[in-house]
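See below for the structure under consideration.
In listed order, ligands and their atoms are each counted from 1. Heads up: numbering here begins at 1 and tracks the sequence.
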Amino acid sequence: MKIIVAKNYREMSKIAADLVVRQIKRKPASVLGLATGHTPFELYDDLVQAYRRGKVSFKKVKTFNLDEYAGLGENNRSSCHYYMKNKFFKKVDLSKKNIFIPDGRAADLKKECAAYERKIRRAGGVDLQILGIGLDGHIGFNEPGSNFSSKTRLVKLAESTRRANAKYFGGRALVPQSAVTMGLGTILKAKKVILLASGREKAAIVKLTLRGKADKITPASVLRKHPQVTVILDKTAAELIKLPK
Ligand code: PGA
C-alpha cells in the first residue's frame, strides 16, 4: 500500500487526477470505478480540465459507479447519477453506452445488483477504482459489518451515513434508508485502487483503516488485502498516522 500525503485538498485532487490520466494513457479503454461525495469533487474538475486541454480522452473508457440510493433515479438532484452527470459525464467525451450506475429505481433491485456484477465482469473488471471513505469506514455504501467477500447488493444505510449525507437531501429524514452498492469483494477485484481522504474529521477513521485491525468493523481495512492500493491523504486527514520519513 502506497501512502501519499498531499499538502491540501487541492493537491490531493491533482495527484489523483494525474494517476487517472496516466491510467487512461496507458490503456485508453480503461474501466474506471467511480465514487461520489464531497471528496472526489475537484478530482472530477481536474479530469474535465485535462480533457478540455486535450490531455486525455474518455472515448473508449467505461465507468462503473460504486453506488446509488434506493428509489432515486438520474433526475433526482440527490442521486449519485445526477451528481455524476452534472459533475463529469456531460463535460467529457464519455460515450453514454459506456456509463454504468446501479439503477436505484429498478423494479427488482436484487436482479439489478446481480446484473450490475455481470456487467462489471463482462467489461473485463475495473482497472482503477476511486474511493472516498465514510466517517464509519464505509467504502461505497459498505457499512461496518459488511463481509469482505460481499458483492453488489442492497444495503441499509447506517444512521451516521444518513446524518453525514443529509446536506444533499435537505434533512436527514429525506435520506433514503437503503442503497445499492458494489460489495467489498467487488471492490477488491479492481486491479488498482485509489483511496482518497481529506479533512481532520477523517483522521481517526484513516488511522483505524491503515493501522488498526483489518476486520469487518472497519470496511475500508479490506484494502489492506489488496496488492495495488494508493492512499492519497491531505495533511489533516493524515495527522494521526506516523509515516516513515
Ligand atoms: P464524502 O463521503 O466524500 O462526502 O466525505 C465519503 C463517503 O461517504 O464515502
Is there a donor in the side chain of Ser57 and an acceptor in the side chain of Asp93, or the other way round, less than 3.5 Å apart?
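Yes - a donor-acceptor pair under 3.5 Å links their side chains.
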Any idea which protein heavy atom is nearest atom 3 (O) of ligand 1, and the distance to it?
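Here the nearest protein heavy atom works out to Thr39 OG1, 2.5 Å.
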Pairwise distance CD1(Ile4) to CG(Leu233) - rounded to 0.5 angstrom:
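CG of Leu233 is found 9.0 Å from CD1 of Ile4.
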How long is the straight-line distance from CD1 of Ile24 back to NZ of Lys55, given to the nearest 0.5 Å?
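If I round to the nearest 0.5 Å, the distance is 13.5 Å.
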Check the orientation of Phe141 and Tyr69. Use parallel for under 30°, tilted for 30 to 60°, and perpendicular for over 60°.
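The arrangement is tilted - the two ring planes meet at 30° to 60°.
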Aromatic rings His38 and Tyr9: how do their planes relate, parallel, tilted or perpendicular, breaks at 30° and 60°?
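Because their plane-to-plane angle is under 30°, the rings of His38 and Tyr9 count as parallel.
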Using a strict 4.0 Å cut-off to heavy atoms of [X], name the atoms of ligand 1 that fall inside it.
X: Lys202; answer: 1 (P), 5 (O)
X: Gly37; answer: 3 (O), 4 (O)
X: Tyr168; answer: 4 (O)
X: His38; answer: 1 (P), 3 (O), 4 (O)
X: His138; answer: 7 (C), 8 (O), 9 (O)

Side chain, backbone, both or neither: which part of Ile133 comes within less than 4.0 Å of ligand 1 when only heavy atoms are counted?
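Near ligand 1, Ile133 shows its backbone, while the atoms from C-beta on stay back.
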Please classify the Phe41 to ligand 1 contact at 4.0 Å (heavy-atom distances, strictly less than): side chain, backbone, both or neither.
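Within the 4.0 Å criterion, Phe41 makes no contact with ligand 1.
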Any salt bridge linking Lys14 with Glu42? Criterion: basic side-chain nitrogen under 4.0 Å from a carboxylate oxygen.
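The answer is no: the pair does not qualify as a salt bridge.
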